[in-house]
Amino acid sequence: MAAPCSRMASRPLWQFITNVRRTGLKHTGVRQFSLSYACRAATQTSSKTESVASPWKLYGAVCLQRLPVISQERNPIEDQFAELMHQMELERSLLSEHEQRLLEDAERMTRKQADNYDSDEEEADYGGQETITAQDQDDTWEQNLKHFQPALRDRDVGGTPLGSVERCLGDSLVLLVQQTVAKENIWLLPQAPWEAGETLRQTAERVLSSLPEADFKATFLGNTPCGVYRYKFPKDVRTESCVGAKVFFFKALLSAGSASQKEPFLWVKKTDLQGYLKPSYLEKVDRFILNL
Amino acid sequence: MSIAVSRALCRVLSRQAAVPTNVSSLMGVDGHVSQGPWFASVLTLKTSAPLRAEPKKKKKVDPRREQMVRERLKKKLKKLERVPPELIPIEDFTTPAKYMDETRVRGAPQLPFEESERRALLLKEWSRYKQTQHRAEMEAVGLAVEAQREALEELRLESEELYQAALRPDPLLFPFNHQGPSYTPPKAQYEAPEGKYNNITKVYTQ
(Lines give C-alpha, C1' and ligand atoms only; values in the text may rest on other atoms or scores of the structure.)
Protein backbone atom coordinates (compact mmCIF):
# COMPACT_ATOMS: atom_id res chain seq x y z
CA MET A 1 0.00 0.00 0.00
CA ALA A 2 3.00 2.23 0.46
CA ALA A 3 3.69 2.72 -3.24
CA PRO A 4 0.20 3.80 -4.31
CA CYS A 5 -0.09 5.97 -1.22
CA SER A 6 3.05 7.89 -2.11
CA ARG A 7 1.83 8.21 -5.69
CA MET A 8 -1.46 9.63 -4.46
CA ALA A 9 0.37 12.01 -2.22
CA SER A 10 2.63 13.30 -4.98
CA ARG A 11 -0.06 13.53 -7.68
CA PRO A 12 -2.16 16.22 -5.96
CA LEU A 13 0.99 18.29 -5.71
CA TRP A 14 1.72 17.90 -9.42
CA GLN A 15 -1.91 18.66 -10.23
CA PHE A 16 -1.70 21.73 -8.01
CA ILE A 17 1.25 22.99 -10.05
CA THR A 18 -0.48 22.43 -13.38
CA ASN A 19 -3.71 23.89 -12.08
CA VAL A 20 -1.87 26.95 -10.85
CA ARG A 21 -0.49 27.40 -14.33
CA ARG A 22 -3.91 26.93 -15.85
CA THR A 23 -6.16 28.90 -13.56
CA GLY A 24 -3.69 31.67 -13.00
CA LEU A 25 -3.44 31.62 -9.24
CA LYS A 26 -7.08 32.46 -8.68
CA HIS A 27 -8.02 29.81 -6.14
CA THR A 28 -4.53 28.99 -4.96
CA GLY A 29 -5.15 29.34 -1.25
CA VAL A 30 -8.26 27.18 -1.17
CA ARG A 31 -6.85 24.56 -3.47
CA GLN A 32 -3.57 24.20 -1.60
CA PHE A 33 -5.33 23.61 1.66
CA SER A 34 -7.87 21.25 0.20
CA LEU A 35 -5.20 19.29 -1.64
CA SER A 36 -3.07 18.83 1.44
CA TYR A 37 -6.17 17.85 3.39
CA ALA A 38 -7.08 15.35 0.70
CA CYS A 39 -3.55 14.02 0.91
CA ARG A 40 -3.82 13.58 4.67
CA ALA A 41 -7.26 12.02 4.26
CA ALA A 42 -5.77 9.62 1.74
CA THR A 43 -3.03 8.56 4.10
CA GLN A 44 -5.54 8.16 6.89
CA THR A 45 -7.88 6.00 4.85
CA SER A 46 -5.01 3.92 3.54
CA SER A 47 -3.51 3.22 6.95
CA LYS A 48 -6.78 2.43 8.73
CA THR A 49 -8.85 0.54 6.22
CA GLU A 50 -12.39 1.98 6.12
CA SER A 51 -12.50 2.83 9.79
CA VAL A 52 -12.39 6.60 9.25
CA ALA A 53 -15.36 8.00 7.34
CA SER A 54 -14.37 10.47 4.70
CA PRO A 55 -15.17 14.07 5.57
CA TRP A 56 -16.72 14.75 2.17
CA LYS A 57 -20.41 14.36 1.50
CA LEU A 58 -21.17 12.55 -1.72
CA TYR A 59 -23.72 13.69 -4.27
CA GLY A 60 -24.76 12.09 -7.53
CA ALA A 61 -25.78 14.33 -10.40
CA VAL A 62 -27.00 13.70 -13.92
CA CYS A 63 -26.01 15.61 -17.04
CA LEU A 64 -28.98 14.92 -19.27
CA GLN A 65 -28.40 15.87 -22.90
CA ARG A 66 -30.82 16.07 -25.77
CA LEU A 67 -28.85 15.47 -28.95
CA PRO A 68 -29.63 17.58 -32.04
CA VAL A 69 -32.67 16.61 -34.10
CA ILE A 70 -31.85 18.47 -37.32
CA SER A 71 -28.58 19.28 -39.03
CA GLN A 72 -26.98 22.63 -38.34
CA GLU A 73 -26.95 25.53 -40.75
CA ARG A 74 -23.92 25.62 -43.00
CA ASN A 75 -21.11 28.14 -42.62
CA PRO A 76 -20.41 30.24 -45.72
CA ILE A 77 -17.27 28.25 -46.44
CA GLU A 78 -19.14 24.98 -46.02
CA ASP A 79 -21.76 26.29 -48.42
CA GLN A 80 -19.19 27.17 -51.05
CA PHE A 81 -17.39 23.88 -50.70
CA ALA A 82 -20.58 21.86 -50.97
CA GLU A 83 -21.48 23.71 -54.14
CA LEU A 84 -18.03 23.12 -55.59
CA MET A 85 -18.17 19.42 -54.81
CA HIS A 86 -21.56 19.10 -56.44
CA GLN A 87 -20.32 20.86 -59.57
CA MET A 88 -17.18 18.75 -59.82
CA GLU A 89 -19.13 15.53 -59.40
CA LEU A 90 -21.51 16.56 -62.13
CA GLU A 91 -18.65 17.34 -64.50
CA ARG A 92 -16.88 14.07 -63.93
CA SER A 93 -19.96 11.88 -64.23
CA LEU A 94 -21.45 10.05 -67.17
CA LEU A 95 -24.95 10.63 -68.50
CA SER A 96 -27.59 8.64 -66.72
CA GLU A 97 -30.31 6.77 -68.59
CA HIS A 98 -32.89 9.36 -67.71
CA GLU A 99 -30.73 12.12 -69.17
CA GLN A 100 -30.12 10.10 -72.30
CA ARG A 101 -33.85 9.70 -72.73
CA LEU A 102 -34.31 13.43 -72.33
CA LEU A 103 -31.72 14.11 -75.04
CA GLU A 104 -33.26 11.61 -77.41
CA ASP A 105 -36.72 13.08 -76.92
CA ALA A 106 -35.41 16.57 -77.53
CA GLU A 107 -33.73 15.39 -80.73
CA ARG A 108 -36.91 13.72 -81.87
CA MET A 109 -38.88 16.92 -81.31
CA THR A 110 -36.41 18.92 -83.38
CA ARG A 111 -36.60 16.33 -86.11
CA LYS A 112 -40.41 16.49 -86.09
CA GLN A 113 -40.34 20.22 -86.46
CA ALA A 114 -37.85 20.07 -89.28
CA ASP A 115 -39.06 20.52 -92.85
CA ASN A 116 -38.08 17.15 -94.22
CA TYR A 117 -39.88 15.14 -91.57
CA ASP A 118 -40.79 11.66 -92.64
CA SER A 119 -43.34 10.41 -90.13
CA ASP A 120 -43.58 6.97 -91.70
CA GLU A 121 -39.87 6.38 -91.16
CA GLU A 122 -40.06 7.46 -87.57
CA GLU A 123 -43.04 5.34 -86.78
CA ALA A 124 -41.44 2.33 -88.39
CA ASP A 125 -38.55 2.72 -85.97
CA TYR A 126 -40.61 3.17 -82.86
CA GLY A 127 -43.50 0.91 -83.72
CA GLY A 128 -46.06 3.70 -83.57
CA GLN A 129 -46.42 3.45 -79.79
CA GLU A 130 -47.51 6.27 -77.60
CA THR A 131 -44.52 6.82 -75.40
CA ILE A 132 -44.41 8.96 -72.33
CA THR A 133 -41.55 11.35 -72.74
CA ALA A 134 -39.01 11.70 -69.99
CA GLN A 135 -39.99 15.34 -69.61
CA ASP A 136 -43.55 14.36 -68.74
CA GLN A 137 -42.29 11.99 -66.11
CA ASP A 138 -40.16 14.77 -64.65
CA ASP A 139 -43.19 17.00 -64.36
CA THR A 140 -45.33 14.37 -62.67
CA TRP A 141 -42.56 13.69 -60.16
CA GLU A 142 -42.25 17.36 -59.32
CA GLN A 143 -45.98 17.57 -58.77
CA ASN A 144 -45.83 14.64 -56.37
CA LEU A 145 -43.04 16.30 -54.41
CA LYS A 146 -45.05 19.48 -54.05
CA HIS A 147 -47.85 17.52 -52.41
CA PHE A 148 -45.53 16.61 -49.53
CA GLN A 149 -45.05 19.33 -46.93
CA PRO A 150 -42.10 18.66 -44.67
CA ALA A 151 -42.00 20.07 -41.17
CA LEU A 152 -40.33 23.44 -40.83
CA ARG A 153 -36.71 23.50 -39.92
CA ASP A 154 -36.68 26.49 -37.60
CA ARG A 155 -39.54 26.69 -35.20
CA ASP A 156 -37.82 29.17 -32.92
CA VAL A 157 -39.35 32.02 -34.80
CA GLY A 158 -42.38 31.66 -32.57
CA GLY A 159 -40.19 31.92 -29.49
CA THR A 160 -40.37 28.54 -27.78
CA PRO A 161 -39.99 28.79 -24.03
CA LEU A 162 -36.67 27.94 -22.46
CA GLY A 163 -38.16 24.98 -20.65
CA SER A 164 -39.29 23.22 -23.81
CA VAL A 165 -37.30 20.37 -25.27
CA GLU A 166 -38.18 21.48 -28.77
CA ARG A 167 -36.05 24.58 -28.81
CA CYS A 168 -32.81 24.83 -30.78
CA LEU A 169 -33.25 21.61 -32.69
CA GLY A 170 -29.86 21.96 -34.32
CA ASP A 171 -27.83 21.95 -31.09
CA SER A 172 -27.46 19.61 -28.17
CA LEU A 173 -29.17 20.87 -25.02
CA VAL A 174 -28.43 20.23 -21.35
CA LEU A 175 -31.05 20.07 -18.61
CA LEU A 176 -30.71 22.55 -15.75
CA VAL A 177 -32.77 22.56 -12.61
CA GLN A 178 -33.21 25.14 -9.90
CA GLN A 179 -32.47 23.76 -6.46
CA THR A 180 -31.82 25.18 -3.04
CA VAL A 181 -28.27 24.52 -2.01
CA ALA A 182 -26.89 26.15 1.11
CA LYS A 183 -29.99 28.31 1.47
CA GLU A 184 -29.53 29.70 -2.04
CA ASN A 185 -31.73 29.12 -5.03
CA ILE A 186 -29.35 28.40 -7.87
CA TRP A 187 -29.38 26.73 -11.27
CA LEU A 188 -27.41 23.55 -11.49
CA LEU A 189 -27.42 20.07 -12.97
CA PRO A 190 -29.93 17.96 -11.03
CA GLN A 191 -28.24 16.32 -8.04
CA ALA A 192 -29.16 14.35 -4.94
CA PRO A 193 -27.22 13.15 -1.89
CA TRP A 194 -25.81 9.67 -2.00
CA GLU A 195 -27.36 7.04 0.25
CA ALA A 196 -25.49 4.07 1.61
CA GLY A 197 -26.05 0.82 -0.22
CA GLU A 198 -26.30 2.15 -3.74
CA THR A 199 -23.79 3.01 -6.39
CA LEU A 200 -23.43 6.57 -7.55
CA ARG A 201 -25.02 5.73 -10.88
CA GLN A 202 -28.13 4.57 -9.04
CA THR A 203 -28.13 7.89 -7.25
CA ALA A 204 -28.12 9.65 -10.59
CA GLU A 205 -30.99 7.48 -11.84
CA ARG A 206 -32.90 8.28 -8.70
CA VAL A 207 -32.35 11.97 -9.33
CA LEU A 208 -33.84 11.66 -12.79
CA SER A 209 -36.89 9.76 -11.64
CA SER A 210 -37.52 12.04 -8.70
CA LEU A 211 -37.65 15.24 -10.73
CA PRO A 212 -41.05 16.77 -10.09
CA GLU A 213 -43.70 16.59 -12.83
CA ALA A 214 -41.44 15.18 -15.47
CA ASP A 215 -40.80 11.76 -16.93
CA PHE A 216 -37.58 11.57 -18.86
CA LYS A 217 -36.48 8.33 -20.42
CA ALA A 218 -32.73 8.40 -20.66
CA THR A 219 -29.88 6.02 -21.47
CA PHE A 220 -27.00 6.34 -19.06
CA LEU A 221 -23.63 6.05 -20.74
CA GLY A 222 -21.77 3.65 -18.49
CA ASN A 223 -21.08 3.33 -14.78
CA THR A 224 -18.19 5.78 -14.62
CA PRO A 225 -18.69 9.39 -13.57
CA CYS A 226 -17.69 11.84 -16.26
CA GLY A 227 -16.71 14.69 -13.92
CA VAL A 228 -16.47 15.83 -10.33
CA TYR A 229 -17.06 19.11 -8.56
CA ARG A 230 -15.65 19.53 -5.12
CA TYR A 231 -16.47 22.41 -2.84
CA LYS A 232 -16.06 23.19 0.83
CA PHE A 233 -18.82 24.37 3.05
CA PRO A 234 -18.57 27.87 4.48
CA LYS A 235 -16.67 27.97 7.76
CA ASP A 236 -19.71 28.21 10.02
CA VAL A 237 -21.25 25.02 8.65
CA ARG A 238 -18.03 23.08 8.56
CA THR A 239 -17.64 20.39 11.20
CA GLU A 240 -15.09 17.70 11.87
CA SER A 241 -16.95 15.05 9.96
CA CYS A 242 -18.08 17.05 6.95
CA VAL A 243 -15.75 19.53 5.40
CA GLY A 244 -17.40 19.84 2.06
CA ALA A 245 -19.13 17.96 -0.69
CA LYS A 246 -18.15 16.15 -3.86
CA VAL A 247 -20.63 16.02 -6.72
CA PHE A 248 -20.10 13.23 -9.26
CA PHE A 249 -21.71 13.76 -12.67
CA PHE A 250 -23.06 11.03 -14.89
CA LYS A 251 -23.86 11.45 -18.56
CA ALA A 252 -27.21 10.43 -19.98
CA LEU A 253 -28.84 10.88 -23.37
CA LEU A 254 -32.51 11.73 -23.60
CA SER A 255 -34.50 9.15 -25.53
CA ALA A 256 -38.07 10.26 -24.83
CA GLY A 257 -39.77 12.42 -22.33
CA SER A 258 -41.86 15.40 -21.61
CA ALA A 259 -42.06 17.91 -18.86
CA SER A 260 -44.44 20.56 -17.79
CA GLN A 261 -43.57 24.01 -18.92
CA LYS A 262 -43.09 25.26 -15.39
CA GLU A 263 -40.10 27.19 -14.24
CA PRO A 264 -37.84 24.62 -12.57
CA PHE A 265 -36.58 23.20 -15.89
CA LEU A 266 -34.28 24.76 -18.40
CA TRP A 267 -32.83 23.33 -21.58
CA VAL A 268 -29.70 25.25 -22.37
CA LYS A 269 -27.03 25.17 -25.08
CA LYS A 270 -23.41 24.85 -24.01
CA THR A 271 -22.64 28.43 -25.02
CA ASP A 272 -25.46 29.77 -22.84
CA LEU A 273 -24.41 27.92 -19.69
CA GLN A 274 -22.37 30.86 -18.57
CA GLY A 275 -25.45 32.91 -17.84
CA TYR A 276 -26.84 30.39 -15.41
CA LEU A 277 -24.09 28.51 -13.60
CA LYS A 278 -21.62 29.71 -11.02
CA PRO A 279 -18.12 30.26 -12.40
CA SER A 280 -16.23 27.59 -10.42
CA TYR A 281 -19.03 25.09 -11.08
CA LEU A 282 -19.12 26.02 -14.75
CA GLU A 283 -15.39 25.50 -15.04
CA LYS A 284 -15.69 21.86 -14.04
CA VAL A 285 -18.90 21.15 -15.88
CA ASP A 286 -17.87 22.79 -19.13
CA ARG A 287 -15.13 20.24 -19.68
CA PHE A 288 -17.27 17.16 -20.11
CA ILE A 289 -20.22 18.71 -21.92
CA LEU A 290 -19.25 18.24 -25.55
CA ASN A 291 -20.70 20.42 -28.24
CA LEU A 292 -19.68 18.10 -31.07
CA MET B 1 -15.38 -68.52 -67.39
CA SER B 2 -15.84 -70.23 -64.06
CA ILE B 3 -17.17 -73.36 -65.80
CA ALA B 4 -14.10 -73.51 -68.03
CA VAL B 5 -11.88 -73.12 -64.97
CA SER B 6 -13.73 -75.89 -63.19
CA ARG B 7 -13.43 -78.09 -66.26
CA ALA B 8 -9.70 -77.44 -66.40
CA LEU B 9 -9.44 -78.23 -62.72
CA CYS B 10 -11.36 -81.40 -63.34
CA ARG B 11 -9.01 -82.38 -66.08
CA VAL B 12 -6.01 -81.69 -63.87
CA LEU B 13 -7.46 -83.68 -61.03
CA SER B 14 -8.37 -86.58 -63.34
CA ARG B 15 -4.86 -86.50 -64.78
CA GLN B 16 -3.45 -86.57 -61.31
CA ALA B 17 -5.83 -89.32 -60.40
CA ALA B 18 -4.93 -91.22 -63.54
CA VAL B 19 -1.21 -91.31 -62.72
CA PRO B 20 -1.39 -93.28 -59.47
CA THR B 21 -4.02 -95.64 -60.94
CA ASN B 22 -1.58 -96.51 -63.69
CA VAL B 23 1.05 -97.14 -61.10
CA SER B 24 -1.29 -99.13 -58.95
CA SER B 25 -2.49 -101.09 -61.96
CA LEU B 26 1.09 -101.95 -62.74
CA MET B 27 1.79 -102.75 -59.15
CA GLY B 28 -1.63 -104.14 -58.36
CA VAL B 29 -2.18 -107.70 -57.39
CA ASP B 30 -5.60 -107.95 -58.94
CA GLY B 31 -4.40 -107.23 -62.41
CA HIS B 32 -7.31 -105.07 -63.56
CA VAL B 33 -7.55 -101.33 -63.35
CA SER B 34 -9.04 -100.79 -59.98
CA GLN B 35 -10.63 -97.58 -59.20
CA GLY B 36 -8.98 -96.46 -55.98
CA PRO B 37 -10.88 -94.43 -53.40
CA TRP B 38 -9.15 -91.20 -54.50
CA PHE B 39 -10.16 -91.68 -58.08
CA ALA B 40 -13.71 -92.18 -56.99
CA SER B 41 -13.59 -88.95 -55.13
CA VAL B 42 -12.22 -87.27 -58.25
CA LEU B 43 -15.14 -88.63 -60.21
CA THR B 44 -17.51 -87.26 -57.67
CA LEU B 45 -15.56 -84.10 -57.95
CA LYS B 46 -16.25 -84.11 -61.67
CA THR B 47 -19.97 -84.02 -61.11
CA SER B 48 -19.96 -81.67 -58.23
CA ALA B 49 -17.11 -79.44 -59.29
CA PRO B 50 -19.30 -76.63 -60.63
CA LEU B 51 -21.35 -76.82 -57.46
CA ARG B 52 -18.44 -76.81 -55.11
CA ALA B 53 -15.90 -74.57 -56.81
CA GLU B 54 -17.99 -71.60 -57.89
CA PRO B 55 -19.28 -70.49 -54.48
CA LYS B 56 -15.69 -70.55 -53.28
CA LYS B 57 -14.59 -68.32 -56.12
CA LYS B 58 -17.47 -65.94 -55.49
CA LYS B 59 -16.34 -65.49 -51.94
CA LYS B 60 -12.82 -64.52 -52.88
CA VAL B 61 -12.75 -62.83 -56.24
CA ASP B 62 -16.14 -61.20 -56.79
CA PRO B 63 -16.42 -59.32 -53.49
CA ARG B 64 -12.87 -58.15 -54.01
CA ARG B 65 -13.63 -57.07 -57.54
CA GLU B 66 -16.77 -55.24 -56.50
CA GLN B 67 -14.90 -53.57 -53.72
CA MET B 68 -12.20 -52.50 -56.14
CA VAL B 69 -14.79 -51.00 -58.45
CA ARG B 70 -16.41 -49.13 -55.59
CA GLU B 71 -13.07 -47.80 -54.38
CA ARG B 72 -12.19 -46.56 -57.83
CA LEU B 73 -15.50 -44.70 -58.05
CA LYS B 74 -14.96 -43.15 -54.64
CA LYS B 75 -11.49 -42.01 -55.62
CA LYS B 76 -12.87 -40.38 -58.74
CA LEU B 77 -15.53 -38.60 -56.69
CA LYS B 78 -12.92 -37.33 -54.24
CA LYS B 79 -10.80 -36.00 -57.07
CA LEU B 80 -13.79 -34.14 -58.44
CA GLU B 81 -14.63 -32.74 -55.03
CA ARG B 82 -11.10 -31.49 -54.46
CA VAL B 83 -11.61 -28.81 -57.08
CA PRO B 84 -11.94 -25.45 -55.19
CA PRO B 85 -15.42 -23.92 -55.33
CA GLU B 86 -16.02 -21.22 -57.89
CA LEU B 87 -15.58 -17.77 -56.41
CA ILE B 88 -18.65 -15.58 -56.19
CA PRO B 89 -18.07 -12.58 -58.47
CA ILE B 90 -18.20 -9.18 -56.80
CA GLU B 91 -20.52 -7.21 -58.98
CA ASP B 92 -19.23 -3.87 -57.76
CA PHE B 93 -15.76 -4.48 -59.16
CA THR B 94 -16.80 -5.15 -62.74
CA THR B 95 -17.95 -2.14 -64.73
CA PRO B 96 -21.06 -3.14 -66.65
CA ALA B 97 -20.67 -2.92 -70.40
CA LYS B 98 -23.37 -0.33 -70.87
CA TYR B 99 -21.33 2.27 -68.99
CA MET B 100 -18.42 1.95 -71.41
CA ASP B 101 -20.64 3.37 -74.11
CA GLU B 102 -19.23 6.50 -75.66
CA THR B 103 -22.55 8.22 -76.17
CA ARG B 104 -22.77 8.57 -72.42
CA VAL B 105 -19.82 10.88 -72.05
CA ARG B 106 -20.73 14.36 -70.93
CA GLY B 107 -18.90 17.10 -72.73
CA ALA B 108 -15.97 18.07 -70.50
CA PRO B 109 -16.23 21.83 -70.06
CA GLN B 110 -13.19 23.99 -70.57
CA LEU B 111 -12.69 25.87 -67.30
CA PRO B 112 -11.37 29.42 -67.52
CA PHE B 113 -8.25 30.24 -65.59
CA GLU B 114 -10.10 32.23 -62.90
CA GLU B 115 -12.44 29.36 -62.23
CA SER B 116 -9.67 26.84 -61.76
CA GLU B 117 -7.79 29.29 -59.52
CA ARG B 118 -10.87 29.88 -57.43
CA ARG B 119 -11.33 26.15 -57.05
CA ALA B 120 -7.76 25.55 -55.96
CA LEU B 121 -7.90 28.35 -53.38
CA LEU B 122 -11.23 27.16 -52.04
CA LEU B 123 -9.88 23.64 -51.57
CA LYS B 124 -6.91 24.97 -49.62
CA GLU B 125 -9.12 27.09 -47.41
CA TRP B 126 -11.33 24.11 -46.78
CA SER B 127 -8.40 22.00 -45.66
CA ARG B 128 -7.38 24.75 -43.23
CA TYR B 129 -10.91 24.98 -41.85
CA LYS B 130 -11.10 21.22 -41.41
CA GLN B 131 -7.75 21.22 -39.66
CA THR B 132 -8.88 23.77 -37.07
CA GLN B 133 -12.10 21.85 -36.59
CA HIS B 134 -10.21 18.61 -36.03
CA ARG B 135 -7.85 20.25 -33.52
CA ALA B 136 -10.79 21.69 -31.60
CA GLU B 137 -12.48 18.28 -31.51
CA MET B 138 -9.34 16.55 -30.27
CA GLU B 139 -8.89 19.16 -27.56
CA ALA B 140 -12.48 18.84 -26.42
CA VAL B 141 -12.20 15.08 -26.21
CA GLY B 142 -8.93 15.40 -24.31
CA LEU B 143 -10.57 17.68 -21.74
CA ALA B 144 -13.48 15.31 -21.29
CA VAL B 145 -11.14 12.38 -20.75
CA GLU B 146 -9.13 14.41 -18.23
CA ALA B 147 -12.32 15.32 -16.36
CA GLN B 148 -13.26 11.67 -16.14
CA ARG B 149 -9.85 10.71 -14.88
CA GLU B 150 -10.06 13.32 -12.14
CA ALA B 151 -13.53 12.13 -11.18
CA LEU B 152 -12.29 8.56 -10.83
CA GLU B 153 -9.35 9.72 -8.75
CA GLU B 154 -11.58 11.61 -6.35
CA LEU B 155 -13.93 8.67 -6.13
CA ARG B 156 -11.04 6.39 -5.28
CA LEU B 157 -10.02 8.71 -2.48
CA GLU B 158 -13.53 8.51 -1.17
CA SER B 159 -14.30 4.82 -1.15
CA GLU B 160 -12.76 1.83 -2.86
CA GLU B 161 -16.10 0.05 -3.14
CA LEU B 162 -17.75 2.81 -5.13
CA TYR B 163 -14.65 3.07 -7.27
CA GLN B 164 -14.81 -0.62 -8.16
CA ALA B 165 -18.53 -0.29 -8.89
CA ALA B 166 -17.77 2.59 -11.23
CA LEU B 167 -15.15 0.60 -13.12
CA ARG B 168 -17.49 -2.26 -13.90
CA PRO B 169 -18.67 -2.33 -17.55
CA ASP B 170 -22.34 -1.81 -18.22
CA PRO B 171 -23.82 -4.81 -20.04
CA LEU B 172 -27.09 -3.07 -20.92
CA LEU B 173 -25.46 -0.24 -22.83
CA PHE B 174 -24.69 -2.16 -26.03
CA PRO B 175 -26.14 -2.49 -28.63
CA PHE B 176 -26.65 1.25 -28.57
CA ASN B 177 -28.96 2.79 -31.18
CA HIS B 178 -29.58 6.45 -31.83
CA GLN B 179 -31.36 8.15 -34.72
CA GLY B 180 -29.06 10.85 -36.04
CA PRO B 181 -30.07 14.38 -37.12
CA SER B 182 -32.03 14.75 -40.35
CA TYR B 183 -32.58 17.81 -42.53
CA THR B 184 -36.12 18.50 -41.33
CA PRO B 185 -37.54 17.56 -37.93
CA PRO B 186 -39.90 14.58 -37.82
CA LYS B 187 -43.57 15.30 -38.41
CA ALA B 188 -45.91 14.25 -35.63
CA GLN B 189 -48.37 11.51 -36.70
CA TYR B 190 -47.03 11.20 -40.21
CA GLU B 191 -47.82 7.99 -42.08
CA ALA B 192 -45.33 7.10 -44.76
CA PRO B 193 -46.98 5.81 -47.98
CA GLU B 194 -46.71 2.09 -48.70
CA GLY B 195 -44.31 1.32 -51.52
CA LYS B 196 -43.76 -1.72 -53.75
CA TYR B 197 -40.40 -2.75 -55.07
CA ASN B 198 -38.94 -5.63 -57.05
CA ASN B 199 -35.71 -6.94 -55.68
CA ILE B 200 -33.55 -8.04 -58.60
CA THR B 201 -30.27 -8.71 -56.77
CA LYS B 202 -28.57 -11.87 -57.93
CA VAL B 203 -28.02 -14.47 -55.21
CA TYR B 204 -25.07 -16.83 -55.67
CA THR B 205 -24.71 -20.17 -53.92
CA GLN B 206 -21.48 -22.12 -53.64
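Below, chains carry the letters A, B, ... as their sequence lines are ordered, and counting in each starts from 1.
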Next item on the list: Measure distances from A:Ser96 to the heavy atoms of chain B and classify the residue's part below 4.5 Å as side chain, backbone, both or neither.
Entry: backbone

Item checked: chain B contact via A:Leu103 - side chain, backbone, both or neither, heavy atoms under 4.5 Å -> neither

Notebook entry, point to check: Which answer fits A:Leu200, side chain, backbone, both or neither, if we ask what part of it has an atom under 4.5 Å from a heavy atom of chain B?
Noted result: both

Checklist line | Contact winner vs chain B - A:Glu198, A:Arg92, A:Gln87, heavy-atom pairs under 4.5 Å | finding: A:Gln87

Ignoring hydrogens and angles, write down the donor-acceptor pairs under 3.5 Å from the side chains of residues 71-90 of chain B, residues two or more places apart or on other chains.
none

Item checked: Over all atoms of both residues, closest heavy-atom pair of A:Thr199 and B:Ala165 -> CG2-CB, 3.6 Å

Checklist line | Enclosure of A:Lys270 NZ (heavy-atom neighbours >12, cutoff 6.0 Å) | finding: yes

Check: Would a 4.5 Å heavy-atom cut-off, applied to side chains only, mark B:Arg106 and A:Leu94 as touching?
Finding: no

Next item on the list: Would you indicate whether the side-chain heavy atoms of A:Phe248 and B:Leu152 approach each other to under 4.5 Å?
Entry: no

Margin query: For a 4.5 angstrom cut-off between non-hydrogen side-chain atoms, does A:Gln80 reach B:Trp126?
Written below: no

Margin query: Let me confirm one number: the CZ-CZ distance from B:Arg168 to A:Arg201, rounded to the nearest 0.5 Å.
Written below: 11.5 Å

Check: Do you know which two heavy atoms are closest between B:Ala151 and A:Cys226, and how far apart they sit?
Finding: CB-C, 4.4 Å

Check: Tell me, side chain or backbone of A:Asn291 under 4.5 Å from chain B's heavy atoms, or both, or neither?
Finding: neither

Checklist line | For chain A, the option from B:Leu155, B:Leu172, B:Leu123 that forms the most heavy-atom pairs under 4.5 Å | finding: B:Leu155

Margin query: Check this for me: does any side-chain nitrogen of one of A:Arg287 and B:Glu146 sit under 4.0 Å from a carboxylate oxygen of the other?
Written below: no

Notebook entry, point to check: How about A:His98: does its NE2 atom have over 12 heavy atoms from other parts shown lying under 6.0 Å from it?
Noted result: yes

Next item on the list: Determine the minimum heavy-atom distance between A:Gly222 and B:Leu173, stating which atoms define it.
Entry: N-CD2, 4.0 Å

Item checked: A:Lys246 side-chain N/O to B:Glu158 backbone N/O, donor-acceptor pair under 3.5 Å -> no

Notebook entry, point to check: Where does B:Glu161 contact chain A at under 4.5 Å (heavy atoms): side chain, backbone, both or neither?
Noted result: neither

Note to self: Minimum heavy-atom separation for A:Leu253 and B:Phe176, please, with both atom names.
What the structure shows: CD1-CZ, 3.6 Å

Checklist line | Atom group of B:Tyr163 that falls short of 4.5 Å from chain A, counting heavy atoms | finding: neither

Notebook entry, point to check: Would you find more than 12 non-hydrogen atoms of other residues, nucleotides or ligands less than 6.0 Å from B:Phe174 atom CZ?
Noted result: no

Notebook entry, point to check: Above 12 or not: heavy atoms from other molecules or residues under 6.0 Å from CD of A:Glu83?
Noted result: no

Item checked: Student check: side-chain heavy atoms of B:Ser159 and A:Leu58 closer than 4.5 Å -> no

Checklist line | Where at least one partner belongs to residues 171-185 of chain B, residue pairs that pass side chain to side chain donor-acceptor pair (under 3.5 Å), sequence neighbours excluded | finding: none

Check: Which heavy-atom pair separates B:Pro181 from A:Pro68 by the least distance, and what is that distance?
Finding: CB-O, 3.8 Å

Margin query: Going by side chain to side chain donor-acceptor pair (under 3.5 Å), name the pairs with one or both residues in residues 114-125 of chain B, residues two or more places apart or in two chains.
Written below: A:Glu91-B:Arg119, B:Glu115-B:Arg118, B:Glu115-B:Arg119

Notebook entry, point to check: Relative to A:Phe148, does B:Lys187 satisfy both conditions: NZ or CZ under 6.0 angstrom from the six-membered ring centre, and within 45 degrees of the ring's axis?
Noted result: yes

Notebook entry, point to check: Of all the residues in residues 91-99 of chain B, which have a heavy atom that comes within less than 4.5 Å of a heavy atom in chain A?
Noted result: B:Lys98, B:Tyr99

Next item on the list: Specify the closest pair of heavy atoms between B:Asp170 and A:Phe220, including all atoms of both residues, with the distance to one decimal.
Entry: OD2-O, 4.2 Å

Next item on the list: Could you check which of A:Asp286, A:Thr224, A:Leu290 has the highest count of heavy-atom pairs closer than 4.5 Å to chain B?
Entry: A:Thr224

Next item on the list: Considering only heavy atoms and a distance below 4.5 Å, find which of A:Trp194, A:Phe288, A:Phe249 pairs most often with chain B.
Entry: A:Trp194

Next item on the list: Check for a donor-acceptor pair, side chain of A:Asn223 on one end and backbone N or O of B:Leu167 on the other, with a separation under 3.5 Å.
Entry: no

